[in-house]
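Just so it is clear, the structure is predicted and the values come from calculations on it, not from any experiment. Below, all heavy atoms of this structure are taken into account, side chains as well, without hydrogens, waters or symmetry copies. Convention: sequence-line order gives letters A, B, ...; per-chain numbering from 1.
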Amino acid sequence: MDYFLQQLISGLTLGSLYGLIAIGYTMVFGIIGMVNFAHGDVFMLSAFIAMIIYLILTQLLGVSSLPVVALTALIGSMIVTSAWNWSIERLAYRPLRGSFRLAPLISAIGMSITLSNFVQVVQGPRNKPISSLFTTNIVIHQGADFPVTVAYNQIIIVVGTALLLLAFWYLVQKTSLGRAQRACEQDPKMAALLGIDVDRTISITFIIGAALAAVAGSLYVMKYGVVTFSDGFIPGVKAFTAAVLGGIGSLPGAVLGGLIIGLIETFWAGYFSADYKDVAAFSILAVTLIFLPSGLLGRPEVEKV
Amino acid sequence: MRWQTDPLLVVDHLTMRFGGLTAVNNLSFSVGRKDITALIGPNGAGKTTVFNCVTGFYKPTEGRLALARSGIATSQEVAALTATGKRHAQSAGADLYLLERMPGHEIAREARVARTFQNIRLFSGMTVLENLIVAQHNALMAASGYTVLGLIGAPSFVRRQREAVEVAKSWLERIHLTDRADDPAGELPYGAQRRLEIARAMCIDPVLLCLDEPAAGLNPRESGDLNELLRSIRDEGKTSLFLIEHDMSVVMQISDHVIVLDYGTKIADGDPKSVREDPKVIAAYLGVSDEEELEKVEAELSK
Amino acid sequence: MASENSASPSRLALALKEGVIAALLAALLEFPIIDYQAAANIDNRLVLTSRFGLAMTIVAIVFIARVSIYLYQTRVVARAVVKVKGPSVFAPYVQWINYAGIAALVVFPFVILTLLGSGGALKWVNNYGVQILIYVMLGWGLNIVVGLAGLLDLGYVAFYAVGAYSYALLSTKFGLSFWICLPLAGILAALWGMILGFPVLRLRGDYLAIVTLAFGEIIRTVLINWTDFSNGYAGISSIPHITFFGLPFDDDDHGTFSSFFHIAYSPIHRTIFLYFLILTLALTTNFVTIRLRRLPIGRAWEALREDEIACRSLGINTTTTKLTAFAMGAMFAGFAGSFFAVRQGFVSPESFTFVESSTILAIVVLGGMGSQMGVVLAAILMIGGTEILRELEFLKAIFGKGFDPVQYRMLLFGLAMVLMMIWRPRGIISSRMPSIFLAERKSISGANVSEGHG
């Protein structure tokens, strides 16, 4: 039971990170119907940016207050990563809008390869270790064999994800930007005729997706204290799995899917074998798509004849 | 009344629901052999849904679709086949299929029901000729020894393929597209695409051809040509036609039997003349009850 | 003329403005990922090194590039040249170009050998000839699935892996020869193609791509973790080398290729034999694909790509049609895989990553879906292009001794994928040749050809 509780806490933490990345996938897929393959690498890039800002603040500027450092790194990473994703959309995807369906997909795969190798070239291929932050543990239950603990950074991740989800839920449901996004999802041509700037709406979608990925990236570095250039692919695919599982296009679905994937992966690793945890996640992806293509919270699509 | 004495397709208590929406409700009708049967009704009456059930694109929620590819099936035979749970029965009297039990491609291949689509579905990147050859896929596939004989260029396959080209050629002539045989189907003008789609459907050698609004978007001359084509297909006697149409001139001129749907239920069924005069049809179909309006509509219909 | 002159200064000003914006954006993007490099010191602590010089150089390059692009683009608009595309000049000679190409491929190793001697030729025949031909073959195989049937497969490398491991395991554990393993590998891969193809039949487009990607990763993860079967990360080594129909290419006086033909031993013999082996395999793939396109099954694949619903209405069983496409594509990947194993003498899961799948898919899409010649051109461009980086020693003279162009190989490869898609979204050869004709074989413009939905 204690072991179960401890795994549950880890699973929720991991799932929150997946959920944050998944929102980026789900929003982009919703609005332009494309799997943004580079999104996992944008996440990885954001983690690097947060890590370097952290190092600049602590080593070069000598800032000692940890919350200040963490918050600055987070916001800095959100801004710079958003600029990256905006540029990527502008250069690699926008010229291909409305063209051959496979072209943006190939372009996105190319961008994914480009980003991970770019980081490898400019930052070197080795792991970048910094120490994890906010590692103080709170004992929440004194078990028979060991205490069940939750670390500050785990609390920050779960609470942060919940707050962000609420904020973006509000943004999409209640604001004019959200309406514009939903209109573009339904019918971009009609939306354009009604005076919605479709390009701008898509750009903002990419910016929001990147900002959320940057939050995930910063929290990832904070939690695990290490990052390398190839860290984008697997979390990227898993986050996409989460988006599909939750129902692509659905924001709460993305987070729900993220939590489910995080939990399954953690429990699989905890109770069966860590070696095959990726197989578990990928199998869920396949099974979901085959038997429940519209996901848990998505709308079913009826085949039009 | 051929649809009563020699029915090709008998639809019994067909119901189709999508979630909470009932598109077709407890619908029964027959399609007569060698008839042109028209299914009409206002937009959203469920006509295309009926088509999709007949051609296997939807699996009906309830109901039975019995097709006698040849012969006349007695109701006992149909009931017997229904009870067995099988999809096909061959008896002395009839070659009987239960369409609701078959996937779409088998309905086309075994029961020989062909169809066209409301928004034309040609293989637009393939040539006109290729479209007609693809339609003869199953026959050619068997002749190619499921690819093995074809791969080594067996003469029997080469001969069979030449025959397929001849079939395609004869259809090209009938739809006046011989000189465009090597052009991509997507580049044909709209009216020619409609004709090609019908010819392609005919290449599977169907007993029943379902046409979803064949005259939509055609100009009067093309519409007249279409009527000619459909009549000539019927007069050959091998294929019966079942069509959805909004263009009343087409419906009244060529059909032998008209079925009227509204809100998923049948409101009239009979020969064109009796349907045309049915006040219920006029009221429901055009949503008018005013006497004066009614007269206008009648005048319009009888044109 | 007058208007152009008066417009020029403002055009330049606009260009400069665009340039400044781009430069500022570049400066923002560079922070801090280029400005600082974090490297671990001896204590495994990260230490920052600033690189403002490099950063400023990049900003300057971006500025100049943006200004030039702006000026170039506005020039095109000012002239408003409308290009009228006539029929291809090469069209009547396609047949001859093909024959000439095959002839060139056959004499290629001998020409290289005469020009460079056996030492220099080894690298060229191996790195360019064999390497590119492997990708041509894989591209042709995947072309059946993606280009003809329109099924987007991102896990194609899994079948390549099945082929490679089939040969590796069958030869090391059971001592079977390459010529027996080759068909077995193809059959096994085709079987896996059907096994993996079956559950995903209902999926379309990007979803299909993602699930096939997942299958590819599952197979790779299993190869990594099931050590009893595949020896895990370490892979399988000392796989028997290719023999010349029983005669090994060894440096020995008895029973070897060189002793049998009474020639001096040289490692180039094996490489040239491998070259002809892969050339034969690739041309077989091509030949079979061209034949299949003209058979009912091939037409059904293309019809499936054009419109699946129409196919069903014509009585075509889309399930078996899709499965045969998967199986056929997988089979050729299996052949290529066992060739890979016999060439390397070593296989490990490292060789079958997602990047390989996306490389092959990029070759197919860039070549122009369904175009056999396009695949060749794209493979030469993408594989040959990145291989050639190894040859650019002179760059060291410009960028200093520490500069290693090979380091940038994958970075440039990724960028090339993006740029090529922007340049030609429908691929190098986007037109389609009809499989049958009545009067005249006319190529069909890519604009009419559908890319498939599943």
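You'll find the side chain of A:Phe37 reaches within 4.5 Å of the side chain of C:Leu213, heavy atoms only. C:Leu25 is listed as a side-chain neighbour of A:Trp86, based on a closest heavy-atom distance under 4.5 Å. Looking at C:Phe31 and A:Ile52, their side chains never come closer than 4.5 Å, going by heavy atoms from C-beta outward. Put simply, the side chain of C:Ile210 does not reach to within 4.5 Å of the side chain of A:Val244, judged on heavy atoms. Here the side chains of A:Ile53 and C:Tyr36 are not in contact, with every heavy-atom distance at 4.5 Å or above. Looking at heavy atoms from C-beta onward, C:Val222 lies in side-chain contact with A:Tyr276 at the 4.5 angstrom threshold. Counting heavy atoms from C-beta on, the side chains of A:Leu102 and C:Val146 come closer than 4.5 Å. At least one side-chain heavy atom of C:Leu154 sits less than 4.5 Å from a side-chain heavy atom of A:Ile109.
Rounding to the nearest 0.5 Å places CG of A:Leu55 at 12.0 Å from CD of C:Gln37. The distance from the CD1 atom of A:Ile113 to the CE atom of C:Met410 is 4.5 Å, given to the nearest 0.5 Å. The structure places CD1 of C:Ile219 at 12.5 Å from CZ of A:Phe282, a figure rounded to the nearest 0.5 Å. How far OG1 of A:Thr81 is from CD1 of C:Ile33: 9.0 Å, rounded to the nearest 0.5 Å. Remark: C:Thr221 OG1 to A:Asp278 CG distance equals 5.5 Å, nearest 0.5 Å.
A distance-only check finds a donor-acceptor pair linking the side chain of A:Gln123 to the backbone of C:Ala38 [under 3.5 Å]. Without hydrogens or angle criteria, C:Glu217 side chain to A:Ile234 main chain gives no donor-acceptor distance under 3.5 Å.
Proximity to chain C (any heavy atom under 4.5 Å) is restricted, for A:Pro95, to the side chain, taken from C-beta onward. At a 4.5 Å heavy-atom cutoff, the contact between A:Val80 and chain C is made by backbone and side-chain atoms alike. Residue A:Leu91 touches chain C through its backbone alone, counting heavy-atom pairs closer than 4.5 Å. For C:Arg409, no part lies near chain A; criterion is any non-hydrogen pair under 4.5 Å. Proximity to chain C (any heavy atom under 4.5 Å) is shown, for A:Ser112, by neither the backbone nor the side chain. Residue contact with chain A, scored on non-hydrogen atoms closer than 4.5 Å, is absent for C:Leu412.
Interface remark: of the candidates A:Val279, A:Leu105, A:Asn127, A:Leu115, A:Val279 forms the most heavy-atom pairs closer than 4.5 Å to chain C. When each of C:Val211, C:Ile218, C:Thr359, C:Ile224 is checked for heavy-atom pairs under 4.5 Å with chain A, C:Ile218 comes out on top.
Across all non-hydrogen atoms, the minimal contact from A:Met51 to C:Leu46 is SD-CD1, 3.7 Å. Of all the heavy atoms in C:Leu29 and A:Ala83, the pair that sits closest is CD2-C, 3.4 Å. Residues A:Leu96 and C:Met421 come closest through the heavy atom pair CD2-O, 3.3 Å. C:Pro32 and A:Ile49 make their closest contact through CD-CG2, 3.4 Å (heavy atoms, listed as atom of the first residue, atom of the second, distance). In this structure, A:Ala92 and C:Ile422 approach most closely via the heavy-atom pair CA-CD1, 4.2 Å.
Open room surrounds CZ on A:Phe291; 12 or fewer heavy atoms of other groups in view lie less than 6.0 Å from it. Remark: A:Trp84 CH2 is packed, more than 12 non-hydrogen atoms of other residues, nucleotides or ligands lying under 6.0 Å away.
Residues of residues 51-59 of chain C lying under 4.5 angstrom from chain A, judged on non-hydrogen atoms, are C:Arg51 by number.
With respect to C:Tyr207, the side chain to side chain contact (heavy atoms under 4.5 Å, CB included) criterion is satisfied by exactly one of A:Leu285, A:Ile248, A:Thr288, A:Val35: A:Ile248.
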Checklist line | Worked verdict on C:Asp35 versus A:Ile56 for side chain to side chain contact (heavy atoms under 4.5 Å, CB included) | finding: CA-CA 11 Å; C:Asp35 293 348; A:Ile56 292 173; over 6 Å; no
